[in-house]
Novice: 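Below you'll find the structure I mean.
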Amino acid sequence: AQKVTQAQTEISVVEKEDVTLDCVYETRDTTYYLFWYKQPPSGELVFLIRRNSFDEQNEISGRYSWNFQKSTSSFNFTITASQVVDSAVYFCALSEAQRGGSEKLVFGKGTKLTVNP
Amino acid sequence: DGGITQSPKYLFRKEGQNVTLSCEQNLNHDAMYWYRQDPGQGLRLIYYSQIVNDFQKGDIAEGYSVSREKKESFPLTVTSAQKNPTAFYLCASSFGLAGGYEQYFGPGTRLTVT
């Protein structure tokens with residue numbers, strides 16, 4: 001069965017610090033997709049990024065960057081110069097192939113990030 | 001504005017009562033999903049639907065039921081058979097069930113059963 005592990009349950013940093021959220025996954029599929037979502041205190045999950053298994057290029061979007069390494073089955077997320085508005089729970093997810101060609105998302109348990117002023 | 005609507009935001013029910021949570025999307029997405037989130041936990045899939053009049057059980061379907069009579073709507077009923085119904089319920093939609101499409105989420109309904 002596919003699995004996503006976010007070993008860091010909670011992280012607390014001071015504003016302007018860099019922070020990395022770890023995500024390790026397990027899958028037997030050769031084609032799969034990885035995702036990161038942000039859940040602010042309001043509760044709604046916000047999509048951040050999708051990465052397919054054939055694209056190992058790192059991605060940067062503003063203060064956010066993602067490091068995908070198939071060799072270690074990791075898809076880590078770094079926030080540079082963190083801000084209070086980054087405080088949220090962050091979820092890593094893996095698409096899991098089903099019979100009939102459909103997929104479903106398997107979520108990690110999330111990492112709660114608190115950025116203190 | 002396109003998006004997913006869930007209502008109500010907070011819902012209170014007495015034990016033994018069925019309750020229906022609504023989910024509507026105007027994104028023209030084919031696939032829709034229901035998840036349950038408990039404190040400190042990730043999201044667990046209850047039901048999902050790829051097209052109208054078709055839906056599949058997820059990992060924790062016992063005690064829940066759904067319908068998909070319209071493309072835009074995917075209501076979830078929490079029945080009295082669900083042993084621990086108090087939770088945060090999230091509805092999501094995507095263009096399809098394959099191809100790694102990202103899912104878009106609604107604001108959620110927090111259900112409390114006493």
Side-chain angles (χ1 to χ4, degrees), chain A residues 1-10 21 23-25 27 29-55 66 68 75 88-112, chain B residues 2-11 21 23 25 27 29-51 54-61 87-111:
Chain A
Q2 284 151 310
K3 187 177 173 182
V4 175
T5 302
Q6 295 181 255
Q8 305 148 308
T9 307
E10 292 192 41
L21 310 182
C23 173
V24 174
Y25 63 92
T27 181
D29 292 345
T30 54
T31 301
Y32 54 89
Y33 299 85
L34 294 160
F35 303 80
W36 275 95
Y37 284 86
K38 174 182 180 180
Q39 186 178 39
S42 61
E44 182 173 341
L45 265 75
V46 178
F47 166 75
L48 296 178
I49 190 172
R50 175 187 64 187
R51 174 66 71 211
N52 75 56
S53 54
F54 298 107
D55 183 1
W66 291 269
F68 176 31
F75 187 42
V89 180
Y90 291 86
F91 290 97
C92 181
L94 167 71
S95 68
E96 179 180 51
Q98 305 291 298
R99 275 181 291 186
S102 66
E103 297 165 6
K104 69 173 188 180
L105 287 185
V106 175
F107 284 86
K109 292 191 174 181
T111 297
K112 182 178 180 181
Chain B
I4 301 176
T5 304
Q6 290 186 246
S7 60
K9 180 77 171 171
Y10 299 94
L11 193 52
L21 282 57
C23 176
Q25 56 98 358
L27 300 168
H29 285 169
D30 287 317
M32 296 188 73
Y33 314 79
W34 273 104
Y35 292 91
R36 170 183 172 135
Q37 185 179 21
D38 294 285
Q41 300 295 313
L43 278 67
R44 292 185 290 168
L45 183 64
I46 305 173
Y47 268 99
Y48 60 101
S49 167
Q50 186 168 9
I51 55 172
D54 183 61
F55 45 83
Q56 306 295 328
K57 292 182 179 180
D59 299 318
I60 55 166
F88 187 51
Y89 291 88
L90 285 156
C91 178
S93 70
S94 67
F95 278 110
L97 274 181
Y101 290 112
E102 61 267 29
Q103 294 180 18
Y104 293 87
F105 285 80
T109 292
R110 195 167 297 278
L111 174 65

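Below, all heavy atoms of this structure are taken into account, side chains as well, without hydrogens, waters or symmetry copies.
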Novice: Nearest 0.5 angstrom please: B:Tyr10 OH to B:Phe88 CZ, how far?
Specialist: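 Spacing of OH (B:Tyr10) from CZ (B:Phe88) equals 8.0 Å.
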Novice: Nearest 0.5 Å please: distance from the CD atom of A:Gln39 over to the CZ atom of B:Phe105.
Specialist: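 Here the interatomic distance stands at 9.0 Å.
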Novice: Has B:Gln56 got a side-chain atom pairing as donor or acceptor with B:Tyr48's backbone, closer than 3.5 angstrom?
Specialist: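 Between the backbone of B:Tyr48 and the side chain of B:Gln56 there is no qualifying donor-acceptor contact (under 3.5 Å).
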Novice: Which one of B:Ser94, B:Gly108, B:Gly58, B:Gly106 has the most heavy-atom pairs closer than 4.5 Å to chain A?
Specialist: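 With the most close heavy-atom pairs to chain A, the winner is B:Gly106.
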Novice: Taking side chain as everything from C-beta outward and backbone as N, CA, C, O, which of these in A:Tyr32 sits under 4.5 Å from a heavy atom of chain B? Side chain, backbone, both or neither.
Specialist: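 No part of A:Tyr32 comes within 4.5 Å of chain B.
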Novice: To the nearest 0.5 Å, what is the distance between CZ on A:Phe91 and CG on A:Leu21?
Specialist: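 Here the rounded value is 12.0 Å.
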Novice: What part of B:Leu43 gets within 4.5 angstrom of chain A, counting heavy atoms only: side chain, backbone, both, or neither?
Specialist: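 Answer is both: backbone and side chain atoms of B:Leu43 are under 4.5 Å from chain A.
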Novice: What residue in B:Gln41, B:Arg110, B:Glu102, B:Gln37 has the most heavy-atom pairs under 4.5 Å with chain A?
Specialist: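 The answer is B:Glu102.
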Novice: Given 3.5 Å as the limit, does a donor-acceptor pair link the side chain of B:Gln50 with the main chain of B:Asp54, or not?
Specialist: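 Here the side-chain-to-backbone pair does not exist.
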Novice: Is B:Gln6 in contact with chain A via its backbone, its side chain, both, or neither, using a 4.5 Å heavy-atom distance?
Specialist: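 Neither part, no heavy atoms under 4.5 Å.
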